[in-house]
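Predicted model, so just to flag it, every value in this text is computed and none were measured.
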Amino acid sequence: MAESLLLLDKVCKSYAVGTPAQTQVLFDIDLDIRKGEFVALIGPSGSGKSTLLNIIGLLDRPGSGKLYLTGQETSILDEAHVTSLRGEAIGFVFQSHYLLSAFTATENVMMPMLMQRGSPDDSMRERAQLLLGQVGLTQWQDSLVSNISGGQQQRVAIARALALNPPLILADEPTGNLDTKSADAIFELMRKLNRENGTTFLMVTHNMELAKRCDRIIELVDGKVV
């Protein structure tokens with residue numbers, strides 16, 4: 001069995017702690033996602049999916065419990081080390097791709113590398129163009145992202161998420177803004193990258209047809225895994 005990449009142990013989260021408005025959103029979440037898995041996270045609106053994804057993405061901290069990523073217990077890390085781990089270990093794909101419309105596809109994919117290293121170089125451009133080739137966009141690598149389709153823009157966003165070769169991709173409703181044909185193509189692309197590169201995917205989705213095509217489904221209801 002593959003080793004654990006992401007492990008949550010009794011993770012809880014509350015907001016407005018210590019006030020009359022205190023509300024608990026997550027209750028004793030236990031998760032074990034292993035290297036190379038493709039996992040769907042489903043649940044109704046208000047179930048705590050966004051809160052859980054923010055905690056897994058190291059954008060928020062649990063109120064209690066522990067989170068281990070690539071074997072590191074994140075609760076003992078200071079903010080600088082958390083930021084560093086997030087940049088190295090996690091790529092993000094969102095429903096809205098958040099690309100920079102004034103830049104080309106290649107330049108958008110280069111952004112995480114530029115943020116890490118400070119100044120552009122030929123190796124960044126080569127890496128970006130290699131990734132755009134992987135997602136089928138070599139022909140559009142020099143096009144402004146404002147001039148390509150929504151499905152193509154989401155492919156650029158996936159390539160950008162892979163720029164630093166993270167072991168884990170968090171995809172938050174990555175097909176939510178796409179038509180059925182484009183959604184299916186984006187899902188199959190992520191599946192292909194999962195199989196060929198060994199990249200682990202955790203995908204939040206409301207699309208049960210896509211969820212059933214994942215390795216397994218985690219369902220969250222009222223802040224609890226069911």
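Pairs engaging residues 95-119 under the salt bridge (Lys or Arg N to Asp or Glu O under 4.0 Å) rule: R117-D121 [sequence neighbours left out]. Residue pairs that meet the side chain to side chain donor-acceptor pair (under 3.5 Å) test with at least one member in residues 62-72, sequence neighbours left out, do not exist here. Among residues at least two apart or in separate chains, there is no salt bridge (Lys or Arg N to Asp or Glu O under 4.0 Å) pair with a member in residues 142-168. Residue pairs meeting the salt bridge (Lys or Arg N to Asp or Glu O under 4.0 Å) criterion with at least one partner in residues 13-25, sequence neighbours excluded, are K13-D60. Applying the ring pair (Phe, Tyr, Trp, His ring centres under 6.0 Å) test to pairs two or more places apart or on separate chains, none has a residue in residues 131-182. Sorted by first and then second residue, the side chain to side chain donor-acceptor pair (under 3.5 Å) pairs with a member in residues 40-51 form an empty list; sequence neighbours excluded.
To the nearest 0.5 Å, atoms CD1 (I56) and CD1 (I90) are separated by 8.5 Å. Distance check, rounded to the nearest 0.5 Å: CG of L31 to CG of L52 gives 6.0 Å. Summarising the geometry, atom CG belonging to L137 is positioned 8.5 Å from atom CG belonging to L189; distances are rounded to the nearest 0.5 Å. Between the OG1 atom of T200 and the CG atom of L5 there is a distance of 4.5 Å, given to the nearest 0.5 Å. Taken to the nearest 0.5 Å, the NE2 atom of H206 stands 9.0 Å off from the CD1 atom of I42. Residue E209 holds its CD atom at 11.0 Å from CZ of F187, rounded to the nearest 0.5 Å.
Under the 3.5 Å distance criterion, the side-chain polar atoms of Q24 are matched with a main-chain donor or acceptor of L26. Formation of a donor-acceptor pair under 3.5 Å by the N147 side chain with backbone atoms of S143 is not found in this model. A distance-only check finds no donor-acceptor pair linking the side chain of S182 to the backbone of D179 [under 3.5 Å]. In terms of modelled atom types and a separation under 3.5 Å, the side chain of T23 and the main chain of A21 share a donor-acceptor contact. Side-chain N or O atoms of Q116 include none that pairs as donor or acceptor with a backbone N or O of M113 at under 3.5 Å.
Connection of V82 to L170 is established within a shared hydrophobic cluster, with ILVMFWY side chains joined at heavy-atom distances below 4.5 Å, either directly or through further cluster members. Note on L164: it does not cluster hydrophobically with F201, by side-chain heavy-atom contacts below 4.5 Å among ILVMFWY residues. Connection of L59 to I29 is established within a shared hydrophobic cluster, with ILVMFWY side chains joined at heavy-atom distances below 4.5 Å, either directly or through further cluster members. Residue M111 is not grouped with residue L99 when hydrophobic side chains (ILVMFWY) are merged at heavy-atom distances under 4.5 angstrom, including chains of intermediate members. Taking hydrophobic clusters as Ile, Leu, Val, Met, Phe, Trp and Tyr residues chained together by side-chain heavy-atom distances below 4.5 Å, V39 shares a cluster with L8.
In this view, D30 and K10 satisfy the salt bridge (Lys or Arg N to Asp or Glu O under 4.0 Å) rule, not counting sequence neighbours. Scored by the side-chain contact (heavy atoms from CB on, under 4.5 Å) test, Q22 finds S14, V17 as partners (sequence neighbours excluded). Taking Y98 as the reference, F94 meet the ring-ring contact (aromatic ring centres under 6.0 Å, His included) condition, with sequence neighbours excluded. Residues that satisfy the side-chain hydrogen bond (donor to acceptor under 3.5 Å, both in side chains) test with S75, not counting sequence neighbours, are E73. Evaluation of the side-chain hydrogen bond (donor to acceptor under 3.5 Å, both in side chains) rule for Q141 yields no partner, not counting sequence neighbours.
Nearest approach of G36 to N194, heavy atoms of both residues: O-ND2, 3.0 Å. Nearest heavy-atom pair, L67 versus I55, reported as atom, atom and distance to 0.1 Å: CD1-O, 3.5 Å. Contact between S96 and N177 at its shortest, heavy atoms only, is OG-ND2, 3.7 Å. Of all heavy-atom pairs between R34 and S4, the closest is NH1-N, 3.4 Å. Contact record, T205 with N207: OG1-N, 2.9 Å, taken as the closest heavy-atom pair. Considering every non-hydrogen atom in both A89 and L69, the closest pair reads CB-CD2, 3.8 Å.
Using a 4.5 Å heavy-atom threshold, the side chains of I169 and L202 count as separate. You'll find the side chain of V145 stays beyond 4.5 Å of the side chain of L100, heavy atoms only. For the pair V204 and L53, the minimum side-chain heavy-atom distance is below 4.5 Å. T138 has its side chain out of reach of Q129: every pair of non-hydrogen atoms, C-beta onward, lies at least 4.5 Å apart. Put simply, the side chain of E79 reaches to within 4.5 Å of the side chain of R61, judged on heavy atoms. Proximity of M203 to L41: side-chain heavy atoms (C-beta onward) are nowhere separated by under 4.5 Å. Side chains of P174 and M190 form a contact here, defined as non-hydrogen atoms less than 4.5 Å apart. Residues V156 and I148 form a side-chain contact, since some pair of their non-hydrogen atoms from C-beta on lies under 4.5 Å apart.
Residue R127 forms a side-chain contact (heavy atoms from CB on, under 4.5 Å) with just one option from N165, V109, L132, and that option is N165.
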*asked:* Using side-chain contact (heavy atoms from CB on, under 4.5 Å), reason through Q134 and I158 one step at a time and then give a plain yes or no.
replied: CA-CA 10 Å; Q134 277 194 297; I158 291 169; over 6 Å; no
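Judged by distance alone, the side chains of H97 and Q153 do bring a donor and an acceptor atom under 3.5 Å apart. A donor and an acceptor atom, one from each side chain of S123 and E126, are nowhere located under 3.5 Å apart.
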Contacts table for residues 212-224: side-chain donor-acceptor under 3.5 angstrom, sequence neighbours left out:
residue, atom, partner, partner atom, Å
R213, NH1, D184, OD1, 2.8
R213, NH2, D184, OD1, 2.9
R213, NH2, E188, OE2, 2.5
D215, OD1, R191, NH1, 3.4
D215, OD1, R191, NH2, 2.7
D215, OD2, F38, N, 2.8
R216, NE, E37, OE2, 2.8
R216, NH2, D32, O, 2.4
R216, NH2, E37, OE1, 3.0

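Surrounding CG of D78 are more than 12 heavy atoms belonging to other residues, nucleotides or ligands, all under 6.0 Å away. Within a 6.0 Å radius of CE in M115, no more than 12 heavy atoms belonging to other residues, nucleotides or ligands are found.
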